[in-house]
Amino acid sequence: MNNETTTLISLKEAMKRVDHKLQALEAQFKELDFTKDNLTQKFEHHSKTLASQAAQDELWTAVLALRFTSMELNILYSYVIEVLICLHTRVLEKLPDLVRGLPTLASVLRRKVKNKRIRIVWESVLEESGLQEEDITALCTFFIAHGNKAEHYTSKVRQMYIRDVNFMITNMVNNQALQDALLRAVQVTEKGKAVKAPAEQKSSLKELIPSVKN
């Protein structure tokens, strides 16, 4: 075997070793990419969880910090409970075969997580009512915090005590999520469906002003 043949064989073997190393590096990079993506997903999920928990803590703080008189609290409670009952009733109307299995709104909220049919109906009821999941969270939080000591007032009684409940809510509830939820509860109770909250209407008008000028 001459020197040229020996050199060629050595070169081929060296190229194979380099190729194997490149393949090993490629596999390592793929593994690193997978690990990076996995860590990124976990971080994003953790961030969302923390943000959600912070919002929930802020909501609870706002609900417990409300400074209403007993009469004012009863009026708000009346709107909240009527909306929650209304939503539950509308769900049962769309799912008559599940009436026994959904005795309360809490059962609807619990079962919709795993039951697609219930979830779809629930989402359609919210859309028809002009409500969002955030509103339900706020209203349920209010109900849990104050339901044991509040009293339900009929529509006539509410009108006797307060002429403009929207003004009361806007001026005394600082937390935006809670304020919007209570305003929508009033709208659903009195009009059958919620429309944009005052703050959202102002925001929409501001967005329209530049286009109107142009």
Side-chain angles (χ1 to χ4, degrees), residues 45 48-49 51-64 66 68 70-162 165-166 169 173 175-197 200:
H45 176 72
K48 290 179 180 179
T49 301
S52 176
Q53 185 62 51
Q56 186 66 24
D57 291 344
E58 184 179 347
L59 178 60
W60 269 103
T61 300
V63 170
L64 295 174
L66 292 175
F68 288 110
S70 296
M71 178 267 293
E72 292 169 338
L73 191 64
N74 288 339
I75 289 175
L76 291 180
Y77 167 79
S78 300
Y79 282 110
V80 170
I81 191 63
E82 287 184 19
V83 168
L84 296 181
I85 291 175
C86 176
L87 294 175
H88 182 226
T89 301
R90 291 182 183 181
V91 169
L92 296 184
E93 288 174 350
K94 294 177 179 289
L95 297 171
D97 56 314
L98 296 180
V99 171
R100 291 186 177 182
L102 301 171
T104 62
L105 181 64
S107 62
V108 174
L109 297 177
R110 183 173 59 254
R111 292 189 58 186
K112 75 179 178 66
V113 177
K114 294 183 178 181
N115 190 306
K116 183 178 179 180
R117 184 181 171 211
I118 296 175
R119 183 168 62 255
I120 291 174
V121 168
W122 170 251
E123 291 172 352
S124 70
V125 168
L126 284 186
E127 184 176 358
E128 292 168 3
S129 304
L131 297 172
Q132 302 174 5
E133 287 288 355
E134 293 80 4
D135 298 321
I136 306 307
T137 299
L139 296 178
C140 286
T141 302
F142 180 95
F143 175 78
I144 293 171
H146 301 292
N148 63 329
K149 57 185 177 182
E151 179 183 351
H152 177 264
Y153 285 173
T154 63
S155 177
K156 290 183 178 180
V157 175
R158 294 196 293 262
Q159 292 174 4
M160 286 173 55
Y161 285 122
I162 292 183
V165 66
N166 292 313
I169 293 171
V173 180
N175 181 274
Q176 194 63 55
L178 180 59
Q179 182 185 118
D180 289 346
L182 291 173
L183 289 172
R184 291 191 181 104
V186 173
Q187 292 172 348
V188 172
T189 302
E190 296 183 348
K191 301 178 182 179
K193 181 176 182 178
V195 294
K196 287 185 177 180
E200 293 175 323

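Since the structure is predicted, the reported quantities are computational estimates derived from the model, not experimental observations.
- Checking Glu190 against Tyr79 by side-chain atom types alone, a donor-acceptor pair falls below 3.5 Å.
- At most 12 heavy atoms of other shown residues, nucleotides or ligands fall within 6.0 angstrom of atom CD in Glu58.
- Leu131 and Ala194 make their closest contact through CD2-CB, 4.3 Å (heavy atoms, listed as atom of the first residue, atom of the second, distance).
- Counting heavy atoms from C-beta on, the side chains of Ile136 and Leu87 come closer than 4.5 Å.
- Expressed to the nearest 0.5 Å, how far CG of Leu76 lies from CG of Leu66 amounts to 7.5 Å.
- Panel note: side chain Arg90, backbone Glu128; no donor-acceptor pair is recorded below 3.5 Å.
- Leu84 and Cys140 get closest at one heavy-atom pair: CD2-SG, 4.3 Å.
- Scanning both residues, Pro103 and His88, for their nearest heavy atoms gives O-CE1, 3.2 Å.
- A distance of 6.0 Å separates CZ of Arg110 from OG1 of Thr104, quoted to the nearest 0.5 Å.
- The two residues Arg117 and Asn115 make their nearest non-hydrogen contact at N-OD1, 3.1 Å.
- From Phe142, atom CZ reaches atom OG1 of Thr137 across 15.5 Å, with rounding to the nearest 0.5 Å.
- Contact check for Leu182 versus Leu139: side-chain heavy atoms found under the 4.5 Å cut-off.
- Heavy atoms only, all atoms of each residue included: Ser124 and Val121 are closest at OG-O, 2.7 Å.
- When all heavy atoms of Ala177 and Ala138 are compared, the closest pair comes out as O-CB, 4.2 Å.
- In the displayed structure, Glu123 atom CD is contacted under 6.0 Å by more than 12 heavy atoms of other residues, nucleotides or ligands.
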Please table the atom pairs, donor to acceptor, closer than 3.5 Å between any side-chain atom in residues 144-153 and protein atoms at least two apart or in another chain.
| residue | atom | partner | partner atom | Å |
| --- | --- | --- | --- | --- |
| His146 | NE2 | Val63 | O | 3.1 |
| His152 | NE2 | Glu82 | OE2 | 2.7 |
| Tyr153 | OH | Asn74 | ND2 | 3.1 |

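- Here the CH2-CG distance, from Trp122 to Leu105, works out to 5.0 Å after rounding to the nearest 0.5 Å.
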Audit row: Trp60, Asn175, side chain to side chain contact (heavy atoms under 4.5 Å, CB included) steps and yes/no: CA-CA 10 Å; Trp60 269 103; Asn175 181 274; over 6 Å; no

Side chain to side chain contact (heavy atoms under 4.5 Å, CB included) assessment of Val125 paired with Glu93: CA-CA 10 Å; Val125 168; Glu93 288 174 350; over 6 Å; no

Worked verdict on Arg158 versus Val186 for side chain to side chain contact (heavy atoms under 4.5 Å, CB included): CA-CA 11 Å; Arg158 294 196 293 262; Val186 173; over 6 Å; no

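- Of the possible polar contacts, one joining the Asp135 side chain to the Gln132 backbone as a donor-acceptor pair under 3.5 Å is found.
- Between the CG atom of Leu92 and the CZ atom of Arg100 there is a distance of 13.0 Å, given to the nearest 0.5 Å.
- Arg184 CZ to Lys193 NZ: the interatomic distance, rounded to the nearest 0.5 Å, is 12.0 Å.
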